[in-house]
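Note sheet for the following structure.
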Amino acid sequence: MSPIRVAVIGLGKIARDQHLPAIAGNDAFHLTALVDPSSTSNVEGAARFDTLEALFDDGLAVDAVVLCTPPQVRYELAAKALARGAHVFLEKPPGATLAEVAALEEQAKISGFTLFAGWHSRYAAGVERARAWLADRRIERVSIIWREDVRVWHPGQTWIWEPGGLGVFDPGINALSIATRILPRAFFLRSAVLSTPSNRAAPIAAEMTFTDTAGVEIAMDLDWRQTGPQSWDIVVETDAGTLKLANGGAVLELPSGVERAEDREYAGLYAHFAALIQNGRSDVDTAPLRLVADAFLLGHRKTVEAFDD
Ligand code: NAP
């Protein structure tokens, strides 16, 4: 089969760090075009455009587009690409609202093209092992601690502080993408406190409590003001001891010992995208975005000290 001709839209941090190497490392794909209004990144053999319209006007053949832009502009780009007959891979979060993602899902169904809402953290090395281990255990309590320094991880990213940018839920939704994969039962929000700097539209910290359908409590602590050691940990207490998924899912600590494996998050995403296209299927799980939207629906708001980069 000839390779899937792919265009990457939005050449920021994640496109350069992860998508371009993952495409280069997968023979099922050929990088045909790059689209960004300002980035100067180039890849030999790939055409450069400032806009998606310019790419389509040029008539260059592409089979798939990968949207690595901020979420606020993703719907229009995805709808246009599906309408032009391209398969679409959405970086996380899949959109700025749940309704626009549902509209895209419907459009993909009608058009017959693949829509893939990727959750990269679900491909972290320890996630599937954790899911399998938890399947047979009685879960007593879950703690999610996602504390990082926004100045280190998101310097100068203004979109992340705007409506639709999610603020601290931009990394926090990765934790929820893992939790919704590894925990055996559905869970939902009970309470939330969102702390938003007085000069920003999106929260810098959030404390939440969820319960699952059996009444087990899931506590979540998200904070972007962390300096020193950073935490991307999920701790699950069970009748057979404690499971800890550390480093964003990369390291699995079980009562029997610690397991680490090579990072294959984006390799895993692209293998799945290729399989979806080959099988004529879509994969759009909005569960993590639903939980974040619920925090904005149900959460108390607290205004905190102004934040500057
Ligand atoms: P970023 O560094 O700000 O990059 C976004 C890029 O998209 C910028 O170059 C931006 O150009 C470009 N862009 C904006 N509007 C566009 C449009 N209409 N057409 C084409 N390009 C457009 O952001 P990022 O960190 O890569 O994050 C992008 C997405 O990936 C986010 O949803 C984020 O949650 C997700 N993600 C990020 C990471 C990470 O570690 N950074 C990890 C996983 C997933 P301008 O700068 O000129 O606006």
Side-chain angles (χ1 to χ4, degrees), residues 12-14 70-74 91-101 119-121 141-180 183 187-212 216-236 244-249 286-309:
K13 180 165 171 40
I14 200 60
Q72 294 97 331
V73 296
R74 216 167 277 154
E91 244 302 351
K92 52 72 35 173
T97 71
L98 284 161
E100 70 185 32
V101 180
W119 298 105
H120 63 88
S121 294
R141 204 186 130 73
V142 182
S143 306
I144 303 173
I145 306 114
W146 233 247
R147 297 175 74 94
E148 64 176 44
D149 186 344
V150 64
R151 288 192 172 92
V152 172
W153 300 103
H154 299 280
Q157 284 189 330
T158 49
W159 61 264
I160 218 161
W161 293 104
E162 297 296 326
L166 298 189
V168 74
F169 288 98
D170 176 81
I173 203 168
N174 297 335
L176 290 169
S177 75
I178 296 175
T180 49
L183 296 177
F187 59 94
F188 49 89
L189 191 69
R190 288 294 200 190
S191 68
V193 177
L194 311 186
S195 298
T196 304
S198 56
N199 60 340
R200 303 285 184 169
I204 196 165
E207 270 181 60
M208 282 160 292
T209 308
F210 303 87
T211 35
D212 76 6
V216 172
E217 186 179 297
I218 298 154
M220 185 166 189
D221 168 11
L222 287 178
D223 207 316
W224 251 351
R225 299 164 296 193
Q226 178 82 1
T227 53
Q230 312 277 291
S231 310
W232 299 282
D233 300 335
I234 299 178
V235 179
V236 187
K244 180 173 175 184
L245 253 182
N247 288 17
T286 53
L289 184 59
R290 240 175 14 233
L291 293 168
V292 171
D294 284 353
F296 283 93
L297 272 176
L298 196 67
H300 287 279
R301 309 305 162 108
K302 204 164 90 179
T303 301
V304 296
E305 191 182 10
F307 176 85
D308 292 301
D309 267 333

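What you find for Val101 and Leu289 is that their closest heavy atoms are CG2-CD2, 4.3 Å. Here the closest non-hydrogen pair linking Ala192 and Leu189 is CB-CD2, 4.1 Å. For the residue pair Thr196 and Ala202, the shortest heavy atom distance occurs at CG2-O, 3.5 Å. Closest of all the heavy-atom pairs between Ala287 and Thr180 is CB-CG2, 4.2 Å. In this structure, Pro93 and Asp170 approach most closely via the heavy-atom pair CD-OD1, 4.4 Å. Taking both residues in full, the closest heavy atoms of Ile144 and Ala175 are given as CG2-CB, 3.7 Å, listed atom of the first, atom of the second, then distance.
Salt-bridge annotation for Asp223 and Arg225: present, with a side-chain N of the basic residue lying under 4.0 Å from a carboxylate O of the acidic one.
Ring geometry for Phe210 versus Phe187: interplanar angle over 60°, hence perpendicular rather than tilted (30 to 60°).
Taken from CG in Asp294 to CG in Leu176, the straight-line distance is 10.5 Å, to the nearest 0.5 Å. Interatomic distance, Ser143 OG to Lys244 NZ, rounded to the nearest 0.5 Å: 10.5 Å. Atom CD in Glu217 sits 5.0 Å away from atom CZ in Arg141 (nearest 0.5 Å). Atom OG1 of Thr303 is separated from atom CG of Leu194 by 11.0 Å, given to the nearest 0.5 angstrom. If you take CG on Leu291 and CG on Leu298, they are separated by 11.5 Å, rounding to the nearest 0.5 Å. Expressed to the nearest 0.5 Å, how far CH2 of Trp161 lies from CD1 of Ile204 amounts to 4.0 Å.
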### Query
Between Met208 and Leu222, does a side-chain contact (heavy atoms from CB on, under 4.5 Å) hold up when you go through it step by step?
CA-CA 8 Å; Met208 282 160 292; Leu222 287 178; 3.8 Å; yes

### Task
Go through Leu166 and Val292 one step at a time and tell me if the side-chain contact (heavy atoms from CB on, under 4.5 Å) criterion holds.
CA-CA 8 Å; Leu166 298 189; Val292 171; 4.0 Å; yes

#### Entry: Step-by-step side-chain contact (heavy atoms from CB on, under 4.5 Å) determination, His120 to Glu91
CA-CA 8 Å; His120 63 88; Glu91 244 302 351; 4.3 Å; yes

### Task
Before giving the answer on ring-ring contact (aromatic ring centres under 6.0 Å, His included), spell out for Phe307 and Trp224 the whole-Å C-alpha distance, their side-chain angles and the decisive distance to 0.1 Å.
CA-CA 11 Å; Phe307 176 85; Trp224 251 351; 7.9 Å; no

### Message
Apply side-chain contact (heavy atoms from CB on, under 4.5 Å) to residues Val142 and Met220 and explain how you reach the verdict.
### Response
CA-CA 8 Å; Val142 182; Met220 185 166 189; over 6 Å; no

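The closest donor-acceptor contact from the side chain of Gln230 to the backbone of Asp149 lies under 3.5 Å. Proximity of a side-chain donor or acceptor of Gln72 to a complementary backbone N or O of Pro163 within less than 3.5 Å is detected. With hydrogens and angles disregarded, no donor-acceptor distance shorter than 3.5 Å links the side chain of Glu100 to the backbone of Leu98. At distances below 3.5 Å, not a single donor-acceptor pair connects side-chain atoms of Asp233 with backbone N or O atoms of Ile145. With hydrogens and angles ignored, the 3.5 Å screen pairs no side-chain donor or acceptor of Lys302 with any backbone N or O of Ala206.
Taking the centre of each ring, Trp146 and Trp153 stay at or above the 6.0 Å mark.
For Glu207, the CD atom counts as loosely surrounded, since its 6.0 Å shell holds 12 or fewer non-hydrogen atoms of other residues, nucleotides or ligands. Other residues, nucleotides and ligands contribute more than 12 heavy atoms inside 6.0 Å of the CZ atom of Arg301.
A side-chain donor from one of Arg190 and Thr211 sits under 3.5 Å from a side-chain acceptor of the other.
Inter-residue side-chain proximity for Trp119 and Ile173 is flagged as met; some heavy-atom pair is nearer than 4.5 Å. The shortest distance between side-chain heavy atoms of Lys92 and Ser177 does not fall below 4.5 Å.
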